[in-house]
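Report on the following structure.
One-based numbering, in listed order, for ligands and for the atoms of each.
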Amino acid sequence: MKVIPNIDAKRVPAHVAIIMDGNGRWASLMGKPRIFGHKNGVQSVRESLEAAVQAGVKCLTLYAFSTENWSRPAGEVNALMTLLVSTIRSEVDKLDEKGVQLKAIGDISKLPSKTHKALVEAIDRTKDNTKIQLVLALNYSGRWDISQASRKLSQYISENHLNPDQIEESMFSQFLSTAAFPELELLIRTSGEQRLSNFLLWESAYAELFFTDKFWPEFRKEDFFEAIMDFQKRERRFGKTGEQLKAVVR
Ligand code: IPE
Ligand code: IPE
Ligand code: MG
């Protein structure tokens with residue numbers, strides 16, 4: 001693996017998630033329609049994935065379409081869904097070659113049938129790959145996930161597999177769509193906005209947050225590495241004191 005200067009290979013976050021924001025504003029600045037921004041965001045996805053593989057990240061989750069994004073003008077929603085189909089189809093060979101396992105979270109059954117088909121085919125095609133998991137959050141929101149997990153858990157209880165007072169955090173997590181992925185450690189958002197917009201609400205409980213003013217189509221490999229370097233400078237205390245952590249290291 002290529003050595004990346006200033007990144008400590010032993011402290012690379014296992015799971016990084018990105019709120020890819022700012023496509024529309026970037027396009028407007030260029031005097032172009034919003035979809036131009038979405039199209040140019042594809043290169044940023046390629047670069048982030050490449051950087052994640054190089055750094056040794058095991059799981060990269062990308063917020064591609066939120067449950068709230070259905071409220072956008074129909075023309076933009078359709079263009080995004082079409083872009084997804086063409087991107088998945090054109091990238092799947094490369095993803096497979098590189099050992100990427102494609103996954104999705106969100107209620108993908110509500111996606112247009114062409115988008116759903118392209119996605120499911122690519123997921124199936126790459127299912128045995130082990131280098132990195134690339135998770136697309138599509139028709140996803142954190143509250144949706146917590147609600148659907150609660151529904152499944154209630155069903156489980158009603159079938160007498162479980163007693164309500166046995167419910168614990170670790171068990172609840174097993175019902176979330178992210179159950180099979182490593183703990184989220186770093187969450188990046190582009191475009192200067194500093195909010196979660198209903199993304200990975202449960203999972204971001206102790207994630208480090210990294211915000212950049214760059215719009216998503218401007219985001220490059222170096223920006224991904226910068227976020228990892230910033231992550232590595234932080235002291236992750238998980239409720240303890242800094243002194244306690246130093247005592248463990250000694
Ligand atoms: C993020 O960019 C892409 C999606 C939400 C699909 P936006 O489309 O939100 O761009 P801005 O935030 O309006 O600039
Ligand atoms: C969040 O971006 C959703 C995605 C990146 C897919 P939005 O642009 O939709 O978020 P808000 O509406 O500004 O919070
Ligand atoms: Mg936005």
- Message: Working note: D124 + K127, criterion salt bridge (charged side-chain N to carboxylate O under 4.0 Å, His left out); need CA distance, chi angles, decisive distance, verdict.
- Response: CA-CA 5 Å; D124 187 59; K127 66 178 188 310; 3.8 Å; yes
- Task: Check the pair K221, E47 against salt bridge (charged side-chain N to carboxylate O under 4.0 Å, His left out), reporting the backbone distance first and the verdict last.
- Result: CA-CA 5 Å; K221 273 170 85 169; E47 298 222 3; over 6 Å; no
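The protein heavy atom nearest to atom 14 (O) of ligand 2 is S197 OG, 2.6 Å. Of all protein heavy atoms, the one closest to atom 6 (C) of ligand 2 is Y63 O, 3.3 Å.
Polar contact check, D21 against ligand 2: a nitrogen or oxygen pair lies under 3.5 Å apart. Polar contact with ligand 2: present for R195 (N/O pair, distance under 3.5 Å). Residue F65 places no N or O, backbone or side chain, under 3.5 Å from any N or O of ligand 1. Inclusion of N69 in the set of residues having an N or O under 3.5 Å from an N or O of ligand 1 is not warranted.
Put simply, the side chain of T190 gets close to the backbone of D21: a donor and an acceptor are under 3.5 Å apart.
The closest approach between any non-hydrogen atom of E193 and ligand 1 is not below 4.0 Å.
In M20, the part holding a heavy atom less than 4.0 Å from any atom of ligand 1 is the backbone. Here A64 has backbone heavy atoms under 4.0 Å from ligand 2, and that is the only part of it that gets that close.
Within ligand 1, counting atoms from 1 as listed, the ones closer than 4.0 Å to a heavy atom of R25 are 11 (P), 12 (O), 14 (O). The R72 neighbourhood of ligand 2 comprises atoms 7 (P), 8 (O), 9 (O), with distances under 4.0 Å to a heavy atom of that residue. Taking every heavy atom of R189 and a limit of under 4.0 angstrom, the matching atoms of ligand 2 come to 2 (O), 10 (O), 11 (P), 13 (O), 14 (O).
When distances to the Mg ion (ligand 3) are checked against a cut-off of 2.8 Å, D21 contributes an N, O or S atom below that limit.
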